[in-house]
Amino acid sequence: MDFFRNFPFISIVFSLFSAVVCSLLPGKAARIWTIAAEAILALLSAGTLLYTVILGESVTYRMGHFGAPWGNEIRFGMLEALTALVFALVLLLSVTGGARYVIRDVPPKKINLYYLLINLLGAALLALVYTNDIFTGYVFLEILTLTSGGILMIREIGRTTLAATRYMILNLLGSGLFLLGIILFYDVTGHLLMPDMHEALLELGKSGEYALPLSVTTGLVCGGLAIKSGLFPFHTWMPDTYGFATPTSSAILSGLVSKGYIFLLIKIMTRVIGLDNPILTVARNILFLFGLLGIVAGSVLAIRQNSVMRMISYSSAAQIGYIYMGIGLGGTAGFAAAIFHLLTHAVTKPLLFLSAASLMEVSGDSPVFHDLQGAAHRNRGAGFLFTVGAMSMIGIPIFAGFTSKLLFSLAAIGHLPFKTFSVLVILAVSTILNTLYFIRTMIRIYTSPEGKKEDRTPFGPQLSCVLSGSVMAAMNVILGLQSQPVLALIERGLALFS
Amino acid sequence: MRNLVYNYEEAVAVVLFGIGFVTLLFHRNLIKKIIGMNIMDTGVFLFLASMGYVKGGSAPIYAENADFYVNPVPAGLVLTGIVVSVSVTAIMLSLAVRLHQRYGTLNLDEIYRIAREKINER
């Protein structure tokens, strides 16, 4: 059993190794290798989760021969293992479900390079989840940025290149702010390992020195990561990016990449700064405010769209707003709700993107609502899966989206009256807005134009897309119905996290 | 104010960071945006390097007659940062080349205008 403590390290290194292997294989073999590798990652993460649950405490794993405060470390508890498990599963399902579109959109000679990037992206995500060293966090954050830009720009049409440019520019601004922030933290504390930084910050907090510079530094780190994860008003890159990328990339970018940044932010807030540290207050309130604004703005913009892909993209912007609202509420309940929603969104958004891509495929590759009429009859499997994802996003009971909205409202109660009130109002308003645009889409895809006989097919042209979508829908229902055990796991993990 | 003069290296580094950040955010020319990004990164590297420097210190390799050593960790961080910065620059330049091949200009406003006109072209 003690061998299990090596699993996080093995999963990161194995993912890097798979990337090297993919560069040597032809396209199809690279795809099979990647799918197998992601399955192995999911198994390793499940093993880690089992180990941490049995052990009941978090494990610090030394990288190399030097211990703290010089060496590099991995640290994991239940929360990290659970997040890694969900990330690995979603990565596996997105790659399996979207394989067909990769063949369609990526030049044949570059298909193995696409899978190389996917493997590197997986390694970077896992490293962000597990690392205990802030500079390692920065390096893998940049690897995540570069690989996510790569899987975007590999589709060589003009709009995708333009979308990639915009995506990279905003991401680089975010990276710059984050880098300056962690360098200032290092300057003040003299450490790079998160627990040591926390100790030094506590000392400084007692003496009251550097209160203002540290608040600004916290703001730089939070601002950088907020830009990178696409919090309102920095969501402007989302619609083009998700709309013009190949569907696998859209699923991974919206479901996983932005979540990786948010997980790092939660880790820095809890482990480095400490939740009750006064230097965090201002930054957290600003994030809360922009989260609320993002929810409303994203939903309103989603209603105005004429294309299903752009609608789902703006809905992503709103969902990122929910997560930041939970972070801004603070406290264990707020953070648990934010992490639960992070997992919910990670399993729902890829489902929506992949099923919408399948629906587009049977409608002449057009994302416009007018052409999508009756698409759910032409591909019943994808239509059903889209409905499941949409209902989860609206917040219908038995789906995970309902539980996360419930958790947000529970977390809001007991705060300052202003915060409670604004969260509850925004939740109600956004639920109505979500219903508006998702129900409209569902009605569209289920009503055929008058007098037109649809050729009804159960699965459309591709079975694997429907299969992997079904697994994601099942994960969604499991998260919704078995929310209490998952929530208990998240709360135990959060207690060990800091 | 005295602190600012005393820590002039750090002050210059932050000013450089600001210049780079604004150029990256607001300049419309893609190549100048990339230059701005490099200035921004250089600012951070200058900050790190000046932070780790100990006056009168020798290189951080064990020597018989050395009293002080320069802190090696910031230098290591700068090297890592330079590697990251180079790869990001390479990607951005390749994107600039591709955009120029397709749209014939590097001005982002122009490119958006052309792209909007060709909205149906895939």
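Sequence lines set the chain letters: A, B, ... in the order given, protein chains first and strands last, and positions in each chain run from 1.
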Using non-hydrogen atoms only, which part of [X] is less than 4.5 Å away from chain A: side chain, backbone, both, or neither?
| X | answer |
| --- | --- |
| Val84(B) | side chain |
| Leu30(B) | side chain |
| Phe21(B) | both |
| Ile91(B) | side chain |

Determine whether a donor-acceptor pair (N or O, by modelled atom type, separation under 3.5 Å) exists between the side chain of [X] and the backbone of [Y].
| X | Y | answer |
| --- | --- | --- |
| Thr161(A) | Ile157(A) | yes |
| Ser250(A) | Tyr242(A) | yes |
| Thr23(B) | Gly36(B) | no |
| Asn38(B) | Ile34(B) | yes |
| Thr160(A) | Glu156(A) | no |

### From Arg104(A), Glu361(A), Arg100(A), residue fulfilling side chain to side chain contact (heavy atoms under 4.5 Å, CB included) relative to Pro247(A)
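One option only clears the test, and that one is Arg104(A).
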### Message
Non-hydrogen contacts under 4.5 angstrom with chain A: give the residues of residues 71-80 of chain B involved, or none if there are none.
### Response
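Answer by number: Asn71(B), Val73(B), Pro74(B), Leu77(B), Thr80(B).
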### Message
Only pairs of heavy atoms separated by less than 4.5 Å count here; which of Val139(A), Leu173(A), Leu170(A), Leu146(A) has the most with chain B?
### Response
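If we count pairs closer than 4.5 Å to chain B, Leu173(A) comes out on top.
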#### Entry: For Arg98(B), all residues meeting side chain to side chain donor-acceptor pair (under 3.5 Å), sequence neighbours excluded
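Expected list: none.
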### Most contacts with chain A, counted as non-hydrogen pairs under 4.5 angstrom, among Leu108(B), Val88(B), Ile111(B)
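If we count pairs closer than 4.5 Å to chain A, Val88(B) comes out on top.
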### Message
Enumerate the ring pair (Phe, Tyr, Trp, His ring centres under 6.0 Å) contacts for residues 131-179 of chain A, please, sequence neighbours excluded, ordered by first and then second residue.
### Response
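Residue pairs passing ring pair (Phe, Tyr, Trp, His ring centres under 6.0 Å), neighbours aside: Phe135(A)-Tyr138(A), Tyr167(A)-Trp237(A).
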### Task
Give, as side chain, backbone, both or neither, the part of Ile143(A) having an atom under 4.5 angstrom from any heavy atom of chain B.
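Neither; nothing under 4.5 Å.
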Which atom pairs, one a donor and one an acceptor, fall under 3.5 Å between side chains of residues 219-229 of chain A and the rest of the protein, sequence neighbours left out?
unit_1, atom_1, unit_2, atom_2, d
Lys228(A), NZ, Thr145(A), OG1, 2.9
Lys228(A), NZ, Asn171(A), O, 3.2
Lys228(A), NZ, Asn171(A), OD1, 3.4
Lys228(A), NZ, Ser175(A), OG, 2.6
Ser229(A), OG, Leu225(A), O, 2.9
Ser229(A), OG, Ala226(A), O, 3.4
Ser229(A), OG, Tyr324(A), OH, 2.6

